[in-house]
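This structure is a prediction, so every number in the text was calculated from the model and none was measured. The residues of the chain are indexed from 1 along the displayed sequence.
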Amino acid sequence: MLKTKKFKFLKAFLLMTLLAMVLGCANVFAATSSVKEPILSQIEPKGVTSVYTGQQLKLRALADSAATVTAKVNGTTVNLTKTSERSDDMYWFEGTYTVPTVSAGKNLGAITFTAKTSSNTETKLSAGLVGVDVPQNAGGSSSSGGGTTGSGSSNDISGSVSTVSGQQVSPTKKYIDVFKTDDRGEDYAAPYYYNMPKGTIDYVKSVSGSYYELKSGRKVKISDVEVVADSGTQGHNVISGLDISVGSQMTTLNIKGLWNVPFNVETSPFTYSSGNWVSSYNATKVTITFDYTTQMNLSGVSIPSGGAFKNATWYTRVNSDGIAQGVLELTLSQANKYYGCYAEYTSTGNLKLRFYNPISSLSEARIVIDPGHGNNAGNLDSGTIGTDGTYESAMNLQKAKALKAELESRGATVYMLDSDTTNLKDLYKRCQLAYDWEPHIYISVHHNSASASARGVEVYYNTPFSMPLARNLVNSIYQAYLQMPYSDGAKNRGYKFSEFAVTRQKQFASVLVEYGFMSNPQEMEILKNSNNVTLFAKYTADGLANYFAGN
């Protein structure tokens with residue numbers, strides 16, 4: 001009897017367990033079938049963002065085309081409107097938030113982005129907004145042609161911040177790369193930080209592996225700097241003079257300060273689509289930011305006409321890290337006519353910044369052509385090898401020579417690096433030669449390799465202001481393919497963000513061109529055909545002409 005009861009109990013237990021398993025599977029299947037497609041992909045801004053009173057902050061979200069998108073910040077809801085800009089199947093939505101009265105260090109909280117469709121709701125949060133101190137009536141302004149002078153206000157914020165002190169370091173090279181302390185941990189310079197020129201002084205915050213993390217928020221390689229003081233302070237910096245002169249080719253700024261502070265040079269506006277990929281660029285302004293600076297005494301500044309800029313404004317602020325900054329904003333005389341900046345701290349302690357004046361044709365341009373890889377004085381650097389055994393270095397040189405001839409026939413001044421008979425395996429040496437020659441732009445000539453079916457032209461850039469150059473070149477070179485019998489196989493692979501050493505320059509616009517795939521037998525025949533080489537040179541030059549025309 002007991003045995004029978006045990007059997008019945010065991011049978012019931014097994015049936016209940018089996019039923020639970022079946023129901024569990026049903027729940028799993030039900031959950032799987034109800035998985036919803038994402039409708040909110042990216043948001044901007046997403047990191048901690050410094051804002052000031054009255055600022056018009058653009059809010060952006062990449063979302064499903066059918067979604068209703070809003071952003072909520074500091075209790076205010078902003079409706080975002082769909083634009084024509086898209087990425088794959090999603091569209092960018094945009095709106096503007098006006099920053100209320102905010103003091104330095106005040107946290108306005110995260111921005112909550114919400115996308116809704118009839119069947120789904122998705123939310124993403126930004127890291128938040130932090131106020132910085134920008135006195136609204138401090139500083140001054142100046143216009144081209146000897147316009148109004150500054151207000152004469154000292155806009156002294158020294159009482160708002162403490163002087164920075166500690167171990168001081170300075171670059172040992174003409175320019176050194178600057179990294180971001182919160183980057184991806186990769187050994188690549190940040191595209192939005194200007195190189196630190198020799199003579200600059202900054203304070204060490206900490207040591208991180210082979211890097212110094214600096215109190216200005218930068219990160220530099222220990223091997224690129226020397227310690228100039230074990231401990232001490234340079235005190236608050238004051239910008240007390242700004243002289244702007246316009247020459248036949250360049251506009252020069254001579255800036256007088258108390259000491260050689262770190263600074264940054266950026267253009268705006270532009271937008272990122274993902275990571276450091278630039279989705280749109282329409283620069284109208286250059287902003288120069290001086291760290292550890294509490295005063296901008298620049299009354300009497302005048303901007304001559306005919307140069308890179310037409311007016312200027314300046315002010316002081318305290319950023320979200322508590323660093324005092326002097327800010328000089330320069331309006332470009334022509335939108336998008338920014339080719340980079342050459343910088344040096346002079347022996348007198350002044351900062352000299354030089355910008356090329358706007359040009360509109362190839363006949364005014366200075367261009368460096370870099371045939372990638374090379375024979376390197378018997379130390380072969382062949383690059384990829386084509387399907388017929390041809391070295392990429394030979395193909396690069398062939399394209400570069402043809403391009404040089406085409407550009408010179410149109411009046412451009414061209415310097416082609418000698419990667420064929422000299423040892424230029426060191427990519428930074430190539431960049432140094434370009435620094436010394438001071439071009440508007442730098443083009444590195446290459447050919448691609450992947451699978452046998454891969455095909456097409458692509459152009460790489462790093463700095464935001466180099467994106468328009470990459471865009472014009474890839475679209476024009478693609479047109480060369482369309483003139484050939486191979487046109488049905490032509491492919492425009494687009495302009496892409498890269499970390500290539502030869503594209504990371506801040507002094508000039510720089511790109512790396514991959515003309516096509518040597519691993520594709522059909523495309524290889526197209527690439528090495530001498531008639532096509534001439535055609536590629538023509539359309540590459542056309543792309544450059546379009547760029548200088550402001551397209």
Exercise. Can you say whether the rings of Tyr194 and Tyr175 are parallel (under 30°), tilted (30 to 60°) or perpendicular (over 60°)?
Worked result: perpendicular
Problem set entry | Sequence-distant partners of Leu433, side-chain contact (heavy atoms from CB on, under 4.5 Å), two or more places apart | Tyr415, Leu417, Leu424
For this session: Verify the distance criterion only: is there a donor paired with an acceptor across the side chains of Thr421 and Asp418 at less than 3.5 Å?
Result: yes
Exercise. Between Tyr97 and Leu108, which heavy-atom pair has the shortest distance, and what is it?
Worked result: OH-CD1, 4.4 Å
For this session: Please determine which of Asp381, Asn376, Asn379 meets the side-chain hydrogen bond (donor to acceptor under 3.5 Å, both in side chains) test together with Lys425.
Result: Asn379
Seminar exercise, completed: In this structure, CZ of Arg60 is separated from OG of Ser280 (nearest 0.5 Å) by 6.0 Å
Exercise. What heavy-atom pair brings Ile359 and His440 nearest, and what distance separates the two atoms?
Worked result: CD1-NE2, 3.7 Å
Problem set entry | Under 3.5 Å side-chain donor-acceptor pair for Asn462 and Ser498 | no
Exercise. According to the interplanar angle, ranging from 0 to 90°, do the rings of Phe548 and Tyr339 count as parallel (below 30°), tilted (30 to 60°) or perpendicular (above 60°)?
Worked result: tilted
Exercise. Distance-only, no hydrogens or angles: does the Ser158 side chain make a donor-acceptor pair with backbone N or O of Thr294 under 3.5 Å?
Worked result: no
Exercise. Got a second to check how far Tyr345's OH is from Met196's CE, nearest 0.5 Å?
Worked result: 9.5 Å
Exercise. Taking the inter-plane angle between the rings of Tyr292 and Tyr203 on a 0 to 90° scale, is it parallel (under 30°), tilted (30 to 60°) or perpendicular (over 60°)?
Worked result: perpendicular
Exercise. If we ignore angles and hydrogens, is there a donor and acceptor under 3.5 Å between the side chains of Ser382 and Ser393?
Worked result: no
Exercise. Closest heavy-atom contact between Asn448 and Glu514?
Worked result: N-OE1, 3.1 Å
Problem set entry | CD on Gln432 to CD on Gln505, rounded to 0.5 Å | 10.0 Å
For this session: Taking the six-membered ring for Trp and the single ring otherwise, decide whether the centroids of Phe355 and Phe309 are under 6.0 Å apart.
Result: yes
Output a table of donor-acceptor pairs, distance under 3.5 Å, between side-chain atoms of residues 240-255 and any protein atom two or more places apart or on a different chain; print 'none' if there are none.
residue : atom : partner : partner atom : Å
Thr251  : OG1  : Ala308  : N            : 2.8
Thr251  : OG1  : Asn357  : OD1          : 2.6

For this session: With rounding to the nearest 0.5 Å, note down the distance linking CD1 in Ile222 to OH in Tyr211.
Result: 10.0 Å
Seminar exercise, completed: To the nearest 0.5 Å, atom CG of Asn260 lies from atom CG of Leu351 at 8.0 Å
Problem set entry | Phe497 and Tyr460 aromatic centres sub-6.0 Å | no
For this session: Provide the full list of salt bridge (Lys or Arg N to Asp or Glu O under 4.0 Å) pairs with a residue in residues 268-297, sequence neighbours left out, each pair given once.
Result: Arg218-Asp291, Lys285-Glu329
Exercise. Taking the side chain from Lys496 and the backbone from Val459, do they hold a donor-acceptor pair closer than 3.5 Å?
Worked result: no
For this session: Taking Glu438 for its side chain and Ala434 for its backbone only, find out whether a donor-acceptor pair lies under 3.5 Å.
Result: no
For this session: Considering only NZ, NE, NH1 and NH2 on the basic side and carboxylate oxygens on the acidic side, decide whether Asp321 and Lys215 come within less than 4.0 Å.
Result: no
